[in-house]
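The next block holds one structure in the form of structure tokens; read it before the comments.
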Amino acid sequence: MGILEHTGWEKLLELMEAEARQKNAPVYEFRKHVSTPFRALVAVLLSSRTRDETTLEAVKRLFRRADTPEAMLALSEQEIAGLIYPVGFYRSKAKRLRELARVLLKEHGGRVPESLEELLRLPGIGRKSANVVLSSAFGKNAIAVDTHVHRLSNRLGLVSTSSPAETEKQLHRLVPEELKSRLNTTFVAFGQTVCKPVKPSCGSCPLAEHCPGAR
DNA sequence: AAAACGGGGGC
DNA sequence: GCCCCAGTTTT
């Protein structure tokens, strides 16, 4: 018997969300500031290997200077690097941001494309990032498999695979269309606050009773 | 001091 | 698939 048989998808997401909101999961504050397509694209690029609180500090400063591809391209790599403290990886991230702005202007008239294929062709944007933009900025029913989604899906026994790509496939079959986008934020929020990578709070977890990974 | 964080890109 | 990247935070 899996956890879904006890809760169903809707209830599962509700339980996770309630707990994560109470614990002030960083992703909620983060999302408030990066809801437009360009901001979402920039933020997701910067968020690689970086916590949401850290990324948020950087994008708040960055967007005051460069909230459009034109403004971004007008800055030098060094200037961008200085603005994105404290995300780390300054040279590579600054270079990618500027290149991203350049391609956006040259290939897409400065607009963020809305298809997975086009997003994947942007420099610095891979499958996870493209799906985050599709779901968070364009409201599409996309599933973005980051480490949180991958880890939680496996711990909860929703999928069983070491491959993020396979997790994405299986979730697509499993999750009701209208809940796919919501799953991204909810799983990240719950992963940040309860079902953490190290030392998960199984003792106080509302799902522990029916979670195969609880310990 | 060492491990964790995390996703893209190149091979 | 595996390794590289390379700064900050957590343990």
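So that the names make sense, note that chain A is the first sequence line, chain B the second, and so on, each numbered from 1. All heavy atoms count here, side chains included; hydrogens, waters and symmetry mates do not.
Between the P atoms of C:dT11 and B:dG6, the separation comes to 13 Å (whole Å).
Rounded to an integer number of Å, the gap from A:Glu166 CD to C:dG1 P is 11 Å. As a whole-Å value, the separation of A:Arg127 CZ from B:dG9 P is 13 Å. Rounded to a whole Å, the NZ atom of A:Lys128 is 5 Å from the P atom of B:dG7. At whole-Å resolution of the value, CG in A:Asp52 and P in B:dG7 are 10 Å apart. Taking atom CZ of residue A:Phe30 and atom C1' of nucleotide B:dG6, one finds them 13 Å apart after rounding to whole Å. B:dG7 atom P lies 13 Å from atom CD of A:Glu168, rounded to whole Å. Distance A:Leu56 CG to C:dT8 P: 18 Å, rounded to the nearest Å. Between A:Lys196 atom NZ and C:dT9 atom C1' the separation is 15 Å, expressed in whole Å.
Within the 4.0 angstrom heavy-atom criterion, only backbone atoms of the sugar-phosphate kind lie near A:Ile125; the bases stay farther away.
Classified by interplanar angle (parallel below 30°, tilted 30° to 60°, perpendicular above 60°), the ring pair A:Phe63/A:Phe38 is tilted.
Residues A:Ser181 and A:Asn141 have side chains that never bring a donor and an acceptor to within less than 3.5 angstrom of each other. Between the side chains of A:Glu57 and A:Thr54, no donor-acceptor pair of N or O atoms lies under 3.5 Å. A:Arg31 and A:Thr185 form a side-chain donor-acceptor contact under 3.5 Å, judged by distance and modelled atom types alone. Under 3.5 Å, the side chains of A:Lys169 and A:Ser163 contain no donor-acceptor pair of N or O atoms. For A:Arg111 and A:His108, the side-chain atoms include no donor-acceptor pair closer than 3.5 Å.
Considering only residues two or more places apart in sequence or on other chains, A:His172 meets the ring-ring contact (aromatic ring centres under 6.0 Å, His included) condition with none of them.
Of the residues in residues 84-98 of chain A, those lying under 4.0 Å from DNA chain C by heavy-atom distance are A:Tyr85, A:Pro86, A:Gly88, A:Phe89, A:Tyr90, A:Arg91.
Along DNA chain C, the nucleotide nearest A:Thr50 and the nucleotide nearest A:Val198 are compared for position; the residue whose nucleotide lies closer to the 5' end is A:Thr50. Nearest-nucleotide positions on DNA chain B place A:Pro197 closer to the 5' end than the other of A:Pro197 and A:Gly126.
Contact between the side-chain N/O atoms of A:Ser129 and the OP1/OP2 oxygens of B:dG8 is found at a separation under 4.0 Å. Applying the 4.0 Å criterion to OP1 and OP2 of B:dG7, one finds that A:Thr147 has a side-chain N or O inside that range. A sub-4.0 Å separation between OP1 or OP2 of B:dG7 and a side-chain N or O of A:His150 is absent.
Using a 4.0 Å cut-off between a side-chain N of Lys or Arg and a carboxylate O of Asp or Glu, A:Glu29 and A:Lys32 qualify as a salt bridge.
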Given Watson-Crick and G-U pairs under 3.5 Å, DNA chain C in dot-bracket ([ ] crossing, | other strand) is |||||.|||||

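Remark: A:Arg21 qualifies as a cation-pi partner of A:Tyr28 under the 6.0 Å distance and 45° angle criteria applied to the six-membered ring.
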What's the verdict on side chain to side chain contact (heavy atoms under 4.5 Å, CB included) for A:Leu46 and A:Phe89, showing C-alpha distance, side-chain angles and the deciding distance?
CA-CA 9 Å; A:Leu46 286 178; A:Phe89 308 101; over 6 Å; no

